[in-house]
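Here's the structure we're looking at; comments come further down.
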Number of protein chains: 2
Amino acid sequence: MLVSIHARPTLEDVAARAGVSRATASRVLNASPRVSPEALEAVNAAVLALGYQPNRAARALVTRRTGAVAVVFSEPEPKIFDDPHFARLIRAGARALADVDVQMVLMLVHSPDDQARAHRFLAGGHVDGALVFAPHRNDELVSIVKKLPLPVVYAGKPWGSLRGMHLVDNDNEGGAVLATEHLKSLGRKKIVHVAGPADELSAIDRLNGFKSALGLDDKGAAKVTEDGGFTREGGRKAMAALLAKVPSLDAVFVASDLMAAGALETLQEAGKRVPEDVAVVGFDDHATIAEHTSPPLTSVRQDSDEQVKHMVEHLMKLLRDETVKTKKQMLPTVLVRRESA
Amino acid sequence: MLVSIHARPTLEDVAARAGVSRATASRVLNASPRVSPEALEAVNAAVLALGYQPNRAARALVTRRTGAVAVVFSEPEPKIFDDPHFARLIRAGARALADVDVQMVLMLVHSPDDQARAHRFLAGGHVDGALVFAPHRNDELVSIVKKLPLPVVYAGKPWGSLRGMHLVDNDNEGGAVLATEHLKSLGRKKIVHVAGPADELSAIDRLNGFKSALGLDDKGAAKVTEDGGFTREGGRKAMAALLAKVPSLDAVFVASDLMAAGALETLQEAGKRVPEDVAVVGFDDHATIAEHTSPPLTSVRQDSDEQVKHMVEHLMKLLRDETVKTKKQMLPTVLVRRESA
DNA sequence: CTCCTCGATGAAAACCTTTGAGTCGCCGGT
DNA sequence: ACCGGCGACTCAAAGGTTTTCATCGAGGAG
């Protein structure tokens with residue numbers, strides 16, 4: 001049977017070759033139970049022989065499903081995308097979505113223009129759902145997305161009411177407690193904190209963990225904390241400020257590895273030995289940072305790959321209309337000991 | 001006219017409201033010239049009033065175009081994705097593609113499994129074309145993709161025959177010449193080179209530029225060159241090796257900013273002052289690296305955003321079946337002077 | 001006044017799949 | 001022998017858009 005020169009085979013072709021109707025062939029492909037074993041085998045053989053691949057557009061048209069989901073990063077400050085964390089999240093997203101055979105539409109939202117575009121796109125029915133990364137305070141994108149009749153899973157807690165929202169968060173607070181307790185267990189008496197920006201909830205949660213582990217109130221915490229803005233440079237400066245503020249410090253919990261790298265540099269310049277004079281614990285356990293600082297960084301691991309995987313799973317459940325038991329998931333964090341503490 | 005509760009408006013609805021036929025409405029949307037001004041205006045008004053957005057699936061079905069292109073990163077070593085360069089390319093791709101309203105399907109290819117998946121996907125007609133980043137030697141993905149009847153634009157020169165391929169490359173060799181000439185013009189006599197891995201053409205081109213600027217042959221070059229593998233750690237080690245090999249060196253051209261950051265650390269530890277004792281020039285002009293080393297790094301700028309933008313433009317031309325004059329584009333590089341040289 | 005041309009428009013086919021309704025044959029029960 | 005029921009299957013409609021072809025009307029040439 002000579003098939004046409006180059007055209008891709010259609011379901012009709014498969015059905016013809018298998019000696020069944022289009023409908024039956026379709027049922028085989030969609031794993032419907034109402035198919036006889038013979039038909040099933042014949043169709044599968046035909047699919048294989050012809051190298052058939054369903055036409056996504058046709059399928060999308062009738063099912064009213066696009067087979068695509070948006071992955072949205074909302075980030076007023078484009079620079080932070082040079083953060084290696086970002087690359088990791090994207091990689092994890094690409095992988096997890098490819099595994100379930102759905103297309104990933106990446107959207108980076110910086111400006112109000114981008115927001116409008118994202119709004120149009122998400123409202124336009126071009127995707128079945130969305131994964132949203134919007135860590136910042138009062139991010140308008142979140143209010144926009146919230147109003148859309150679109151299944152959405154957030155990474156971490158977006159600012160504002162969480163009513164009815166689905167999200168997968170890391171246990172930032174628990175991780176911070178872990179880190180601080182560890183420093184205490186080393187016998188450190190004067191523990192300080194380089195915090196992340198006050199407009200990100202993950203930073204706030206980490207700060208809260210630090211406070212609760214030490215039994216500090218807001219005022220007490222303010223005396224031993226500096227904002228490092230989640231950047232290397234910020235970590236450097238915050239550490240310097242802390243050295244000035246608390247000369248007797250003997251340990252520091254830094255809210256991100258990137259900042260910790262900066263902090264280590266400052267400590268080194270100040271002639272402090274790590275961990276002898278000052279013990280340092282970071283957060284993220286970022287492979288290419290934590291393992292390559294000197295000394296290698298003790299850090300709280302939050303598994304971004306795992307987080308994204310859970311987000312995807314959760315979203316798929318929503319798309320399948322399964323009733324999800326827990327709307328919010330919290331992923332555990334663990335302390336990874338290296339040499340800095 | 002009460003419209004249905006929630007269903008998205010269709011072209012039929014638009015046509016009805018504008019008092020024309022579906023066909024005419026379609027012509028307006030596709031900017032066909034054969035439309036009267038009145039019809040045009042009426043349809044546009046209806047589109048606006050209804051918030052109409054074309055159904056991508058339906059359109060894809062009939063035009064046999066998906067409105068999506070794949071962006072493929074082939075990279076045996078997943079770690080390199082922590083390279084900030086990668087994040088930049090992705091960002092640029094997302095932006096450039098969104099600008100022309102096509103969806104970006106991101107594919108990260110690490111393993112042979114991934115290759116097979118990519119093959120299936122690209123052959124499956126799920127995208128109209130592809131942007132391929134495959135810098136490494138003998139990357140099998142390239143041979144796979146080459147056989148596909150799919151418009152593809154490569155980033156840089158993939159290894160192997162370039163016959164009939166479309167690509168947008170940076171002028172690596174020219175940039176290297178620029179860097180080396182600059183060091184010469186500073187009166188430096190003993191200039192060495194920290195190279196990228198020998199299985200990436202961009203690294204080889206930079207090495208070649210270095211060689212030709214100094215008039216070195218292979219043997220001569222080998223004496224003053226070390227491979228830094230495009231990593232920070234590699235740059236550190238390569239610099240140390242060079243210091244041992246060529247104690248009298250007074251300048252170094254490093255083939256990437258990340259390696260240059262490492263090299264600077266080594267120089268500092270060796271007690272060399274930069275630029276007084278040793279002048280350093282990097283490559284990439286990566287914002288978050290070059291500006292934050294101490295001293296700030298003189299570097300060759302290659303504009304990744306520009307490169308990706310050109311790739312997208314080129315691909316769009318291919319998709320429109322325009323005959324493209326030049327299959328290969330070369331983007332200029334410029335030297336950005338800071339304090340390290 | 002008629003014929004022709006040409007531009008604008010409408011009707012309908014085509015794209016490929018899913019799915020609800022209907023058909024067919026067969027078995028067991030009466 | 002008939003009927004009901006059931007499992008496996010086929011038919012055909014539906015989904016929203018583009019595009020070809022035909023139609024219609026107006027305006028110019030003869």
Side-chain angles (χ1 to χ4, degrees), chain A residues 3-4 6-44 46-47 50-68 101 124-126 128 319-321, chain B residues 3-4 6-44 46-47 50-68 101 124-126 128 319-321:
Chain A
V3 178
S4 74
H6 207 58
R8 287 185 25 188
T10 131
L11 189 55
E12 187 77 53
D13 301 338
V14 172
R17 186 174 175 119
V20 300
S21 77
R22 209 166 53 224
T24 303
S26 172
R27 279 187 250 274
V28 170
L29 267 88
N30 296 309
S32 157
R34 306 246 149 279
V35 175
S36 69
E38 306 86 59
L40 188 139
E41 196 185 347
V43 170
N44 278 334
V47 164
L50 265 45
Y52 170 76
Q53 297 216 42
N55 181 319
R56 265 185 131 92
R59 179 175 279 180
L61 185 57
V62 52
T63 60
R64 287 128 175 290
R65 284 290 182 83
T66 64
D101 196 40
H126 301 301
D128 300 331
L319 293 186
R320 282 192 303 261
D321 256 342
Chain B
V3 179
S4 73
H6 207 60
R8 289 185 22 186
T10 129
L11 189 54
E12 187 77 53
D13 301 338
V14 172
R17 184 175 177 118
V20 300
S21 75
R22 208 166 54 224
T24 303
S26 172
R27 280 189 261 268
V28 171
L29 266 88
N30 297 308
S32 157
R34 307 244 149 283
V35 175
S36 69
E38 307 86 58
L40 188 138
E41 197 184 347
V43 171
N44 279 334
V47 164
L50 265 45
Y52 169 76
Q53 297 218 41
N55 180 318
R56 264 185 132 94
R59 178 175 280 180
L61 187 57
V62 52
T63 58
R64 287 124 173 290
R65 283 291 182 83
T66 64
D101 195 39
H126 302 302
D128 299 332
L319 294 186
R320 283 192 302 262
D321 257 340

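All of these numbers come straight from a predicted model, not from anything done at the bench. All chains are named by letter (A, B, ...) in the order of the sequence lines, taking the proteins before the strands, and each is independently numbered beginning at 1.
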Note to self: Once rounded to the nearest 0.5 Å, what's the spacing between atom OG1 of B:T66 and atom CG of B:L61?
What the structure shows: 12.5 Å

Item checked: Phosphate contact (D:dT18 OP1 or OP2) by B:R64 side-chain N/O below 4.0 Å -> no

Item checked: Approximate separation, where rounding is to 0.5 Å, of B:Y52 OH and B:R17 CZ -> 15.0 Å

Next item on the list: Send over the distance from A:N55 CG to D:dT17 C1', rounded to a whole Å.
Entry: 14 Å

Margin query: Could you tell me how far apart A:L11 (CG) and D:dT10 (P) are, to the nearest whole angstrom?
Written below: 12 Å

Next item on the list: Measure the shortest side-chain to side-chain distance between A:P54 and A:L29 over non-hydrogen atoms and say whether it is less than 4.5 angstrom.
Entry: yes

Checklist line | Between P of D:dG16 and NE2 of A:H126, the distance in whole Å | finding: 15 Å

Check: With no hydrogens and no angle check, is any side-chain donor or acceptor of A:S26 less than 3.5 Å from a backbone partner on A:R22?
Finding: no

Checklist line | Between C1' of C:dC16 and CD of A:Q53, the distance in whole Å | finding: 15 Å

Margin query: A side-chain contact here means heavy atoms from C-beta on lying under 4.5 Å apart; do B:H126 and A:Q53 qualify?
Written below: yes

Check: Side chains of B:T10 and B:N55: closer than 4.5 Å at any heavy-atom pair?
Finding: no

Check: Do the side chains of A:N30 and A:R59 get nearer than 4.5 Å, heavy atoms only?
Finding: yes

Item checked: Nearest to side-chain heavy atoms of A:L61, which nucleotide of C:dG10, D:dG16, C:dC16 -> D:dG16

Notebook entry, point to check: B:S21 or A:A58: which one's nearest nucleotide on DNA chain C is closer to the 5' end?
Noted result: B:S21

Next item on the list: Specify the separation, in whole Å, of atom CG of B:L50 and atom P of D:dG16.
Entry: 14 Å

Margin query: Using a 4.0 Å cut-off on heavy atoms, which residues in residues 24-41 of chain B reach DNA chain C? List them by number, or say none.
Written below: B:T24, B:R27, B:R34, B:V35, B:S36, B:A39

Notebook entry, point to check: Rounding to a whole Å, what distance do you find between A:R56:CZ and D:dG16:P?
Noted result: 20 Å

Note to self: What's A:R22 touching, base or sugar-phosphate or nothing? Going by heavy atoms closer than 4.0 Å.
What the structure shows: base

Margin query: Can you tell me if A:Y52 touches the phosphate of C:dC16, counting only side-chain N or O atoms and a distance under 4.0 Å to OP1 or OP2?
Written below: no

Notebook entry, point to check: Which nucleotide in the set D:dT17, C:dG10, C:dT17 lies at the smallest distance from any side-chain heavy atom of B:V62?
Noted result: D:dT17

